[in-house]
Amino acid sequence: MTELFCNGGAMRGGSLHHNVSSHPFVGTVRTTPNYRFFSVRDEFPALLLDHTAGAAIEGELYDIPLDAIRTSFLPDEPPELELTVVALEDGRSVLGVGLRPGVLDAQPDELTDITYAGSWRRYRGLPQPLS
């Protein structure tokens with residue numbers, strides 16, 4: 001089992017939550033303040049590590065087997081994203097998905113910087129689920 005940070009459609013109430021819903025929900029967490037956050041075509045969010053212009057980004061943590069990440073979670077992820085290690089504000093390092101290198105330079109018109117929002121739900125005006 002490993003901890004997986006979700007910050008978009010896989011979170012509770014999202015269209016991809018079925019990919020993690022059968023695994024234990026650990027809680028709501030935040031990254032270290034070293035990430036930029038983008039909306040890709042206003043379809044899904046993307047994290048990008050940036051030590052100079054980042055913020056703490058909210059998400060959800062799930063305890064999930066690596067095999068389930070490979071077979072259930074990653075196949076539904078868009079090609080602009082890749083599996084990475086995410087630093088949480090409590091000092092832990094966990095798996096998550098981030099913007100694939102080169103996408104920001106190759107597709108700048110498809111990315112909107114939403115770092116100011118700090119969360120996909122806040123950016124989209126979605127309610128926070130009850131614990």
Side-chain angles (χ1 to χ4, degrees):
M1 299 290 272
T2 191
E3 292 179 317
L4 177 67
F5 177 77
C6 299
N7 63 351
M11 291 189 299
R12 292 170 296 159
S15 62
L16 296 175
H17 183 64
H18 63 275
N19 290 336
V20 297
S21 63
S22 65
H23 305 287
F25 171 68
V26 177
T28 301
V29 295
R30 291 166 33 111
T31 68
T32 58
N34 300 358
Y35 290 90
R36 289 175 66 197
F37 201 42
F38 294 92
S39 173
V40 182
R41 294 181 300 277
D42 213 28
E43 296 172 10
F44 57 89
L47 282 175
L48 179 66
L49 184 63
D50 187 332
H51 293 287
T52 63
I57 306 301
E58 294 176 7
E60 295 179 349
L61 205 58
Y62 291 85
D63 199 17
I64 183 170
L66 284 173
D67 282 345
I69 293 172
R70 178 179 50 82
T71 61
S72 300
F73 182 79
L74 289 177
D76 282 342
E77 291 299 302
E80 293 89 351
L81 302 179
E82 69 177 4
L83 194 61
T84 189
V85 176
V86 175
L88 300 182
E89 69 181 356
D90 66 7
R92 287 182 287 169
S93 294
V94 299
L95 290 180
V97 291
L99 191 63
R100 191 175 294 278
V103 172
L104 183 58
D105 293 331
Q107 301 171 321
D109 295 340
E110 296 183 0
L111 300 173
T112 302
D113 192 323
I114 61 169
T115 306
Y116 68 90
S119 88
W120 183 243
R121 283 192 186 104
R122 191 172 301 115
Y123 169 71
R124 300 295 297 255
L126 301 171
Q128 182 75 15
L130 301 174
S131 296

Is there a chain of hydrophobic side chains (I, L, V, M, F, W, Y, each step under 4.5 Å between heavy atoms) that links Val20 to Val26? no
Quick one: list whatever passes side-chain contact (heavy atoms from CB on, under 4.5 Å) with Ser72, sequence neighbours left out. none
Spell out, yes or no, whether Met11 and Ile114 are grouped together once hydrophobic residues are joined by side-chain heavy atoms under 4.5 Å, including indirect joins. yes
Those residues at least two apart in sequence (or on a different chain) that pass salt bridge (charged side-chain N to carboxylate O under 4.0 Å, His left out) with Asp76 are none
Please enumerate all residues that pass side-chain contact (heavy atoms from CB on, under 4.5 Å) together with Asp90, with sequence neighbours excluded. Leu88, Arg92
Any idea which heavy atoms bring Gly8 and Pro45 closest together, and the distance? CA-CG, 3.6 Å
With a 4.5 Å heavy-atom cut-off, do Leu16 and Phe44 have their side chains touching? no
Under 3.5 Å donor-acceptor pairs involving side-chain atoms of residues 61-71, not counting sequence neighbours:
| from | atom 1 | to | atom 2 | distance (Å) |
| --- | --- | --- | --- | --- |
| Tyr62 | OH | Glu60 | OE1 | 2.6 |
| Asp67 | OD1 | Arg70 | NH2 | 3.4 |
| Thr71 | OG1 | Asp67 | O | 2.9 |

Search all heavy atoms of Gly96 against all heavy atoms of Val86 and return the closest pair with its distance. CA-CG2, 3.9 Å
At what distance, to the nearest 0.5 angstrom, does NE2 of His17 lie from SG of Cys6? 9.0 Å
Residues two or more places apart in sequence or in another chain: which of them pass salt bridge (charged side-chain N to carboxylate O under 4.0 Å, His left out) with Arg122? Glu58
Side-chain heavy atoms under 4.5 angstrom apart, residues restricted to Ile, Leu, Val, Met, Phe, Trp, Tyr: same cluster for Phe25 and Met1? no
Taking Val97 as the starting point, is it possible to reach Val40 by hopping between hydrophobic residues whose side chains are less than 4.5 Å apart? yes
Using the test ring pair (Phe, Tyr, Trp, His ring centres under 6.0 Å), find all partners of Tyr123 that sit at least two apart in sequence or belong to another chain. Trp120
Going by heavy atoms in the side chains, are Leu49 and Asn34 under 4.5 Å from each other? yes
Please answer: with hydrophobic residues joined when any side-chain heavy atoms are less than 4.5 Å apart, are Leu83 and Ile57 in the same cluster? no
Ala53 to Thr115 - nearest heavy-atom pair and separation: O-CG2, 4.4 Å
Ala106: partners by side-chain contact (heavy atoms from CB on, under 4.5 Å), with sequence neighbours left out: none
Strictly by ring-ring contact (aromatic ring centres under 6.0 Å, His included), give each pair with a member in residues 68-117 just once, sequence neighbours left out. none
Can you list every salt bridge (Lys or Arg N to Asp or Glu O under 4.0 Å) pair that touches residues 20-34, not counting sequence neighbours? Arg30-Glu89
Which of these, Leu48, Asn7, Thr31, sits in a side-chain contact (heavy atoms from CB on, under 4.5 Å) with Phe37? Asn7
Partners meeting side-chain contact (heavy atoms from CB on, under 4.5 Å) with Arg100 (sequence neighbours left out): Glu82, Val103
Between Leu111 and Leu99, is any pair of side-chain heavy atoms under 4.5 Å apart? yes
Salt bridge (Lys or Arg N to Asp or Glu O under 4.0 Å): pairs with one or both residues in residues 36-51, sequence neighbours excluded: Arg36-Asp50, Arg36-Asp113, Arg41-Glu43, Arg41-Glu80, Arg41-Glu110
